[in-house]
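Letters go in sequence order (proteins before strands), and every chain restarts at 1.
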There are 2 protein chains.
Amino acid sequence: MGQAAPVSTNHQEKLERLLELSAEIFADKGYHNTSIRDIARASGVSLAGLYYYFRSKEELLFRIQERLLRTVLDDLRRRLDDVHDPRERLRIFVHSHLRVFAQRRPAMKVLVHEYDSLTGEHREHIRALRHEYMETCLGILRDVRRFCGSGDAVVLRVAAFALFGMMNWTYTWYRPEQDVSVERLAEQLYRLFLGGFLRSGDAGRHLDRCAEPLGPGDAPWRS
Amino acid sequence: MGQAAPVSTNHQEKLERLLELSAEIFADKGYHNTSIRDIARASGVSLAGLYYYFRSKEELLFRIQERLLRTVLDDLRRRLDDVHDPRERLRIFVHSHLRVFAQRRPAMKVLVHEYDSLTGEHREHIRALRHEYMETCLGILRDVRRFCGSGDAVVLRVAAFALFGMMNWTYTWYRPEQDVSVERLAEQLYRLFLGGFLRSGDAGRHLDRCAEPLGPGDAPWRS
DNA sequence: CGGGGGTTCGAACGTCCGTTCGGTGCGCAA
DNA sequence: TTGCGCACCGAACGGACGTTCGAACCCCCG
């Protein structure tokens with residue numbers, strides 16, 4: 001969790017360093033299990049000194065989430081610009097999401113894990129940004145369905161949440177250092193989802209020639 | 001969150017009622033943000049009285065998670081018994097998981113959301129049960145791949161976590177009362193996953209005839 | 001050299017936390 | 001009737017929590 005950094009004159013830099021550091025601690029211990037004193041200790045700033053940068057502990061949590069969410073939205077919008085092919089747009093969506101999430105692991109864990117910890121206006125603000133992101137995703141999926149002709153056996157909303165689930169769940173298991181690279185991960189999840197999304201209308205048709213194990217003797221499902 | 005229940009003579013019944021009630025509160029407020037006093041108030045049992053049933057707050061959390069995990073594992077084993085077809089086994093896996101999760105929503109949120117809150121032996125114990133469940137899932141996916149011939153472009157581990165992500169993420173959005181039924185949800189997620197899993201080896205092949213929107217004027221992705 | 005604003009701090013406030021202690025009442029066996 | 005163990009409770013302990021207050025520091029403008 002690191003020691004106090006050498007110097008950073010600019011106010012904004014100090015603030016962002018505190019956000020980054022706090023995100024690490026929140027991700028590690030959980031928001032409600034982290035005390036302002038923990039953050040003070042890790043940052044080298046005094047307890048009272050922190051309150052010069054944040055009005056409250058919850059505002060600190062809010063700023064972490066808002067910052068990452070804006071990054072995600074900006075990155076996505078920039079990369080989607082002037083791309084028209086629906087599949088490619090979906091591919092970009094998945095890659096963008098996972099790239100940012102891998103680059104900012106602590107903040108992303110806080111974003112997906114500590115949304116419930118927000119209250120009142122903070123929560124409402126984040127909810128609105130999340131909603132915007134979700135709408136973008138739904139728009140892309142609608143285009144894929146319309147122009148690439150997937151069936152409509154799967155409710156779009158369910159498909160979108162399934163995709164978010166696949167991507168966001170990575171915070172529980174994916175470690176960029178010891179797993180496949182982010183690009184390969186993103187490509188695999190993209191293909192996994194797209195294949196199912198496009199084929200979901202006629203599921204079972206291409207499965208007819210599925211072989212079958214011989215019997216209990218050969219059974220590989222008994223642990 | 002409910003009032004104190006009328007009566008329940010048996011010790012085991014009282015204990016399970018406390019587990020169920022605590023799960024609701026933990027799910028609602030989060031483990032670290034819930035006090036034993038909250039549980040005492042909601043259950044009608046005195047603060048000290050709770051410690052007759054549990055050695056500590058963490059043991060309470062542990063029992064909730066262990067109980068649900070054993071239910072999930074038992075339900076799955078029972079339903080997989082004497083089913084050999086790999087696709088059908090996968091289908092049963094998804095349905096079983098989501099059915100139990102929908103039946104016990106509070107406990108399932110606690111299970112997926114508060115694993116990090118466990119420490120020491122409690123955590124290790126739950127980790128082992130989770131591992132067992134994951135191995136069962138991997139076994140099923142291995143069979144599907146072997147006998148139904150999906151490619152191996154997607155690492156099995158990634159596919160398994162993607163599936164878990166799709167299913168577990170439901171706790172953030174799925175409400176059985178106002179969404180599609182659990183059976184339909186399970187069927188959709190099953191098809192979504194299986195389609196992608198079987199087709200992941202040759203992604204793109206069946207996408208060649210994908211149409212394309214006309215241009216920025218028609219662009220549906222601009223919100 | 002004087003002073004004012006941006007920045008940081010030590011110390012304290014009031015509250016709530018998990019847990020423990022010493023009991024009390026009750027039902028049942030002897 | 002006595003005694004014992006199960007089920008439960010009121011009250012308290014020591015500590016940690018988020019937040020605030022008033023003062024100090026330091027740099028730049030005059």
B:M167 vs A:W169, side-chain contact (heavy atoms from CB on, under 4.5 Å): CA-CA, chis, key distance, verdict: CA-CA 10 Å; B:M167 296 191 301; A:W169 191 246; over 6 Å; no
Of A:E59, A:E66, A:Q65, the residue whose pairing with A:R63 passes side-chain hydrogen bond (donor to acceptor under 3.5 Å, both in side chains): A:E59
Comparing A:N33 and A:A48 on DNA chain D - which has the more 5′ nearest nucleotide: A:N33
C:dT7 OP1/OP2 closer than 4.0 Å to side-chain N/O of A:Y53: no
Residues B:D74 and B:R78 bridged, charged N to O under 4.0 Å: no
Sugar-phosphate only, base, or nothing, as touched by B:S35 at under 4.0 Å among non-hydrogen atoms: sugar-phosphate
Atom-to-atom span, CG of A:L15 to P of C:dT8 - whole angstrom: 11 Å
Under the ring-ring contact (aromatic ring centres under 6.0 Å, His included) test, residues paired with A:H122 that sit two or more places apart: A:F62
Residue B:I36, side-chain atoms from C-beta onward, closest of D:dC9, C:dT7, C:dG18: C:dG18
Salt-bridge present (A:D116, A:R123; N to O < 4.0 Å): yes
Write down the protein N/O and nucleotide N/O pairs, taken from nucleotides 24-27 of chain C, whose separation is under 3.5 Å; answer none if there are no such pairs.
none

Under 4.0 angstrom between A:K57 side-chain N/O and D:dC17 OP1 or OP2: no
Parallel, tilted or perpendicular: rings of A:Y133 and A:H97 (30°, 60°): parallel
Interatomic distance, A:L47 CG vs C:dA12 C1' [rounded to whole Å]: 11 Å
Whole-Å gap separating P (C:dT7) and CD (A:Q12): 12 Å
Any B:Y51 side-chain N or O less than 4.0 Å from OP1/OP2 of C:dT19: yes
